[in-house]
Amino acid sequence: MIRVGIVGTGMMANQHAIMMGKIRGVALYCAFDLNLESLDLFCAKHSINKTFQTLDEMLADPSLDAICNVTPDRFHKEISIQALKAGKHVFCEKPLAENYQDALEMAEVAKESGLINMVNLSYRAAPVVQKAKKLIESGKIGEVRHVDASYLQSWCNNFSWGGWHDNPAWLWRMSTAHGSKGVLGDVGVHIIDFASYPVGKIETVQANLTHFPKGENGKWKEYTLDANDSALLTVEFENGAMGTIQSTRWASGHANTVKVSIYGTKGGIEIDLSKSMDELQLCSGDKALINHTWKSIKAPKSLNNFKRFIKGIQTGVQDSSDFKRGAEIQKIIDASIESNEQGRKVALDLCD
Ligand SMILES: NC(=O)c1ccc[n+]([C@@H]2O[C@H](COP(=O)([O-])OP(=O)(O)OC[C@H]3O[C@@H](n4cnc5c(N)ncnc54)[C@H](O)[C@@H]3O)[C@@H](O)[C@H]2O)c1
């Protein structure tokens, strides 16, 4: 039995508890949160019997094998490193850290520990993403030339997910002082991974980031709402392709629309996750290219991230969504912020 503890019992922790709870051979063993009210409600909801007064106490429990770090972004580093040093496997929420240096340190501690470490790049689990990677590797669309990726949300201007005005979970996402890298650090992480995982490494980035007027003169309660909420990135890939990656919280009419189109010398792949997680559109072959015809391709099932993390613990084989990958993405985020501030293209030195 693998005993898992949840650190941070807010919104996203519910998904961790539900998904971990469904895996055979896993016990939802304990939880910890600084907010005791949230902790109690969460434990009651997910039938978790064991809680601790401090994180130190929790990590000192020899029966605990692994933690899910579901705290806000600015606590990811400290808690994950502490857990790794205490000998626990760590499944950390995204973005891995607040900046590349911190993320790199996490990746180094994880490597030294020899423990399983994973960052929750949610869309890796989508069967179509794995299928797209395989199709590209097999040469089905030739050499990739152009990529167009977008992640659209609209919670800044509607209350379908609850209003942001009275929910700290939305408010900290809007405030740089609370460790947020805005939409770029929130869902931009996913779309950067989604665009580059099947295509290859990103070599340069030119970014435009902005936040729009909100609250009362840009403030609400103790939060200054200054984190970016629209991000436009133009990127060049190592293999010569170029692409656009965009994310926003102002896409009226879109709750959570994730799309990636990849065009190559011999064909194209189009994915719209809001329509299907396991079916993509493919244009490939001489006839299809001349007639611009597309066909649906069904992708085989793939394991969700929670199962992949547990499988890693069971087999000792590290998943590719590891802290090193989390750090790589963090580097792209840092470069985007630098590019936006300096109004120029920024080159990333590629890590292997
Ligand atoms: N992978 C995804 O698709 C996805 C989706 C949503 C959220 N997330 C990530 O999950 C994380 C949590 O987001 P959320 O929406 O659940 O936030 P939230 O604000 O709802 O919950 C965070 C919880 O952590 C607790 N907390 C804060 N500091 C703590 C500390 N030092 N020790 C223990 N507990 C602490 C808070 O009291 C709160 O209960 C974020 O990093 C977010 O980016 C990922």
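Whatever order the structure lists ligands and atoms in, that order sets their numbers, starting from 1. All heavy atoms count here, side chains included; hydrogens, waters and symmetry mates do not.
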Note: ligand 1 atoms sitting under 4.0 Å from heavy atoms of Ser38 are 39 (O)
Main chain of His178, side chain of Trp172: is a donor-acceptor contact present, judged purely on distance under 3.5 Å? no
Indicate the ring-plane relationship of Phe91 and Phe309, choosing parallel, tilted or perpendicular according to the 30° and 60° boundaries. parallel
Can you tell me how far apart CG (Leu96) and OG (Ser321) are? Round to the nearest 0.5 Å. 11.5 Å
Side chain, backbone, both or neither: Met11 near ligand 1, heavy atoms under 4.0 Å: both
For atom 7 (C) of ligand 1, the protein heavy atom that lies nearest, with its residue and separation: Arg173 NH2, 3.1 Å
If you have a sec, work out which protein heavy atom is nearest atom 18 (P) of ligand 1 and how many Å separate them, to one decimal? Ala169 CB, 3.8 Å
Give the numbers and elements of all ligand 1 atoms closer than 4.0 Å to a heavy atom of Pro72. 22 (C), 24 (O), 26 (N), 27 (C)
Kindly identify the option in Lys181, Met58, Glu93, His190 whose heavy atom sits closest to atom 8 (N) of ligand 1. Glu93
Can you name the atoms of ligand 1, numbered from 1 with element, that are less than 4.0 Å from a heavy atom of Phe75? 27 (C), 28 (N), 31 (N)
Trp172 heavy atom under 4.0 Å from ligand 1: yes
Identity and distance of the protein heavy atom lying nearest atom 21 (O) of ligand 1: Gly10 CA, 3.3 Å
Check if Pro168 has a non-hydrogen atom at a distance under 4.0 Å from any atom of ligand 1. no
Determine the minimum heavy-atom distance between Leu209 and Ala231, stating which atoms define it. CD2-CB, 3.5 Å
Are Tyr29 and Asn49 close enough that a side-chain donor and a side-chain acceptor fall under 3.5 Å? no
Report yes if some heavy atom in the side chain of Trp164 is under 4.5 Å from a heavy atom in the side chain of Leu171; otherwise report no. yes
Distance filter under 4.0 Å to Phe32 heavy atoms, resulting ligand 1 atoms: 32 (N), 33 (C)
Under a 4.0 angstrom heavy-atom cut-off, which atoms of ligand 1 come close to Asn120? 1 (N)
What protein heavy atom is closest to atom 29 (C) of ligand 1, reported as residue, atom name and distance in Å? Leu34 CD1, 3.7 Å
Among all protein heavy atoms in this structure, tell me which lies nearest to atom 3 (O) of ligand 1, with the distance rounded to 0.1 Å. Ser122 OG, 2.9 Å
Under 4.0 Å to a heavy atom of Asn35 - the qualifying atoms of ligand 1, by number: 37 (O)
Should the pair Asp229-Lys214 be classified as a salt bridge under the 4.0 Å nitrogen-to-oxygen rule? yes
Please tell me whether Asp186 and Ser180 have a donor and an acceptor in their side chains that are separated by less than 3.5 angstrom. no
Over 60° means perpendicular and under 30° means parallel, so tell me whether Tyr123 and Phe194 are parallel, tilted or perpendicular. parallel
For ligand 1 and Ala13, I'd like to know whether there is a polar contact (N/O to N/O, distance under 3.5 Å). no
What protein heavy atom sits nearest atom 5 (C) of ligand 1, and how far away is it? Met12 SD, 3.3 Å
Less than 3.5 Å apart, any donor N or O on the side chain of Ser230 or Thr210 sitting next to an acceptor on the other? no
His76 contact mode with ligand 1 (heavy-atom cut-off under 4.0 Å): side chain
So which heavy atom in the protein is nearest atom 37 (O) of ligand 1, and how far is it from that ligand atom? Asp33 OD1, 2.7 Å
Just so I know, are the side chains of Gln153 and Val183 near enough to count as touching, which here means a heavy-atom distance under 4.5 Å? no
Could Glu203 and Lys201 be called an ion pair, given the rule that one side-chain N must be under 4.0 Å from one carboxylate O? no
Ile79 to ligand 1: N or O pair under 3.5 Å? no
Considering non-hydrogen atoms only, spot the tightest contact between Arg3 and Leu64 and give its length. O-CD1, 3.7 Å
For atom 40 (C) of ligand 1, what's the nearest protein heavy-atom neighbour? Residue, atom name and distance, please. Asp73 OD1, 3.3 Å
